[in-house]
Structure formats: structure tokens, C-alpha cells
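Below, chain A is the first sequence line, B the second, and so on; all start at residue 1.
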Protein chains: 2
Amino acid sequence: MADSQRFAVAVHTLMILAAHKAGEAGHPMTSAEMAKSVNANPVVLRRVISSLAQAGLVATRPGAHGGVWLAKAPNDIAMDQVRGAVDEGPLVCARTKINSDCPVAVAALDVIDSVSKRVDGAVRDSLALLTLADLVKQLPDSLTQACAATPPASPTLAA
Amino acid sequence: MADSQRFAVAVHTLMILAAHKAGEAGHPMTSAEMAKSVNANPVVLRRVISSLAQAGLVATRPGAHGGVWLAKAPNDIAMDQVRGAVDEGPLVCARTKINSDCPVAVAALDVIDSVSKRVDGAVRDSLALLTLADLVKQLPDSLTQACAATPPASPTLAA
DNA sequence: ATTTCTGTCACCGAGGTTGTGACGAAATGG
DNA sequence: CCATTTCGTCACAACCTCGGTGACAGAAAT
């Protein structure tokens, strides 16, 4: 239960917000704008944004001139929080349908469960060390500068 | 692309083979026998076994008194090999449908890709340290002894 | 030759994910 | 007060992947 693209969409969205330095008192970005860059339906984006908002990573405001912005500094947004917000299932899932009359199967289930937990821990640990700020740093400098200086109706996002 | 139960089925299968000390010159186990314990269709099991065989982890022989057995010592079977054999896709997959006219999207794709590689590396590393022997050790001693002494038609597997 | 078992195919149904339209609620501006 | 914008969420369709199942050919043992 993990082959969705929600995590990728979430990271993409957060990078856009960070690169454009979108803020409440400035120019929040709309889901429609960002949907163009992600090449997805605005509703899909809003579903992801909704999860991120519940996790306290972004804030939103409806109405004219409303939109989405980061609720925390990029340095304080770690990737494991993002994954936890949009994709809560375990990566490697155990079997639910074992034959409970078979003692080997019952014991194996526990063992496999421990493997699953181990993998999940490894994923979480590796993502916890990665912040949104780290990712934005990987963007070409020219790009982030262009975005930061962007007035509404930015040419850096449009198609 | 990782929410399948193939990995769990593979581990379960390998544990059965290890616990029963199945060997070519002894009592290879049939997919039908093991399917009972896993509570899955024999064909599903054979699909997994086929992948494991291609990876050199198990060996098979058709025909009467044929079946499956471990091709290596449990100490030499690491879990990352198992995962690689049955589930080759990346755990967290990037978006394929970005808007390639948007410079932010193009750059973000690379960044997300690096995150994906990082996660995959973490998973691989954590699984590489875990061998089939480690997992079998976690089984209750009584169980492995009962299995090891098992003649054909074992009561420890049947329903 | 018969039996047993693997290997593989084709097909179906279940479940989850994305795409899309629609509607209400909230916020801004005239 | 009203029109506009935008979020939030629902319902539905399209699609894809996965597991379950039956079928059949080939290999091996007796």
C-alpha cells in the first residue's frame, strides 16, 4: 500500500512553495497554479495539501487571494513528516491471510512483522535527516532566485 | 509499486524451507504443501518461487517427488536479495507526468529522484544485514526441532 | 505408461488511485 | 449585499495492479 505518487506530489508542492517563498502576507499560491507544474488535477493536489495542512506543514486560506503557503521554515520540515502525512501505510506489508492452524505460519507472521518494522524504521530514519531546505538547496541557484523575485503571474511556473 | 505481498510470501516460503531443512536428497517440499501454510494459491506461490529460483536462492525439480529446496545455506541468504528477486520496483516512485515546460518541475524531478534513491539505499542496507538464518533463529526452538525431524506428511504444516 | 510436480499462460474479480465535475463554505472587494 | 475567487469535500468513472483460479505442456520418477 505504498505505490501512490502522493509523496512525490507532496514534495513537489513543498518545493514550489519554498522556492517561491510563498507566505500569507505576500502571495499564497493557488492549487490551480501548482497543478500546472505538477501536471495533475487541482483536486488531486488539494487532497495532498489537505493532508499536509492537517500535519501542520502548510497553511491555507480560502477566498479571493487565498491559497497555500508553508507553515514552517523549510529547515523545520523533514521528509519523514511529509511521508507520514500523506502515506501512512507500512512499506512492506505482512500477510493477513495465514493459515492460523499451522504453527510455522503463525510464528513466521511475527518474524515477518519484525522485518517490516525494521524496514519502516530505516526509511523513517533516512527521511528524518532530510529537510525541505536540503532539497531546495539542490535546485539550480538561478531558478530559486528567479522564483523568489517572482511577482504574481510568474513566468517560472506557467506552461 | 511496493504494496504487494510477494516479499512476505517469499520470506514465509524460505522460512518453511529452512525450518524443514528441505534438500534435494531428502524431502523437497511441494508448492501445494507450502501453499497451505501460506494460505495462498499454489500458482501464486510458484510465481514467487520462480523469481527466487532465477535469483539462485532456491532450486526446484519437476516430476514425482520433486519440489523446492534452498540453494544456499540460510546464512548466505540475505533479505535484500529476496526483495530484489521478487519486487524490483523502487519503494517511493517519482512522478512521470511533470510539466516539462516548467523549469521548477524539471529540477524538482531530479531532486525527488535522489530522495527515492536514498530511501531505496536505506532499505537495501537494512535488509542486507538480515539473513534467513537470523529469522529462523527467531522461531521457537520447539518448532524448528519438530520441523527438522519431520518425515514426509508432516503434522507441523498441515491444516 | 502413469503419476506427480513444476512452469507458465489467460482470464476474472477485488481493491486502490487518479481524473473530473459538482457543490457548499469562506474570504475579499465593489 | 452581491459577485468572485478559492479551498474542502463528495461522488463517480476510468484505469491499473494484484491475487485467485483453471488449464495445459514438459520433466522426472516408479
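- Distances were taken from every side-chain heavy atom of S4(A) (C-beta onward) to each of dG20(D), dT17(C), dC7(D); the shortest belongs to dT17(C).
- For R6(B), the listed nucleotide lying nearest its side chain is dG19(D); candidates were dG19(D), dG7(C), dC7(D).
- Of the candidate nucleotides dA29(D), dG21(C), dG7(C), dG21(C) has the atom nearest to the side chain of V43(A).
- Close to dT6(C), at under 4.0 Å from its OP1 or OP2, lies a side-chain N or O of S31(B).
- At whole-Å resolution of the value, CG in L45(B) and C1' in dC5(C) are 13 Å apart.
- The phosphate of dG19(D) (OP1 or OP2) has no side-chain N or O of N41(B) nearer than 4.0 angstrom.
- Side chain of V44(A), nearest nucleotide from dC5(C), dG19(C), dG22(D): dG19(C).
- Rounding to the nearest 0.5 angstrom, the gap separating the CG atom in L135(A) from the CE atom in M79(A) is 4.5 Å.
- In terms of polar N and O atoms assigned as donor or acceptor, the side chain of R47(B) comes within less than 3.5 Å of the base of dG20(D) in a complementary pairing.
- When distances are taken from the side chain of A64(A) to each of dG19(D), dT5(D), dT8(C), the shortest belongs to dT5(D).
- N39(B) places its CG atom 8 Å from the P atom of dG20(D), with the value rounded to the nearest Å.
- Spacing between atom NZ of K36(A) and atom P of dT6(D) amounts to 11 Å, rounded to whole angstrom units.
- Atom CZ in F7(A) sits roughly 14 Å away from atom P in dT18(C) (whole-Å rounding).
- The shortest side-chain heavy-atom distance between C102(B) and K36(A) does not fall under the 4.5 Å cut-off.
- The distance between atom CZ of R61(B) and atom P of dT6(C), rounded to the nearest whole Å, is 11 Å.
- Rounded to an integer number of Å, the gap from CE of M29(B) to C1' of dT6(C) is 15 Å.
- Between K97(A) and dG19(D) there is no side-chain N or O to OP1 or OP2 distance below 4.0 Å.
- The CD atom of E33(B) sits 14 Å away from the C1' atom of dT6(C) (whole-angstrom rounding).
- Between T60(A) and dG8(D), a side-chain N or O to OP1/OP2 separation shorter than 4.0 Å is present.
- As rounded to whole Å, 17 Å separates atom P of dA29(D) from atom NE2 of H27(B).
- At least one side-chain heavy atom of L129(A) sits under 4.5 Å from a side-chain heavy atom of R118(B).
- Both R95(A) and G63(A) sit near DNA chain D, but only G63(A) has its closest nucleotide nearer the 5' end.
- For R46(A), taking side-chain heavy atoms from C-beta onward, the closest of the listed nucleotides dT6(D), dT6(C), dG8(D) is dG8(D).
- At a threshold of 4.5 Å between non-hydrogen side-chain atoms, the residues Q81(B) and L57(B) count as touching.
- D134(A) and T131(A) share a side-chain donor-acceptor pair at under 3.5 Å.
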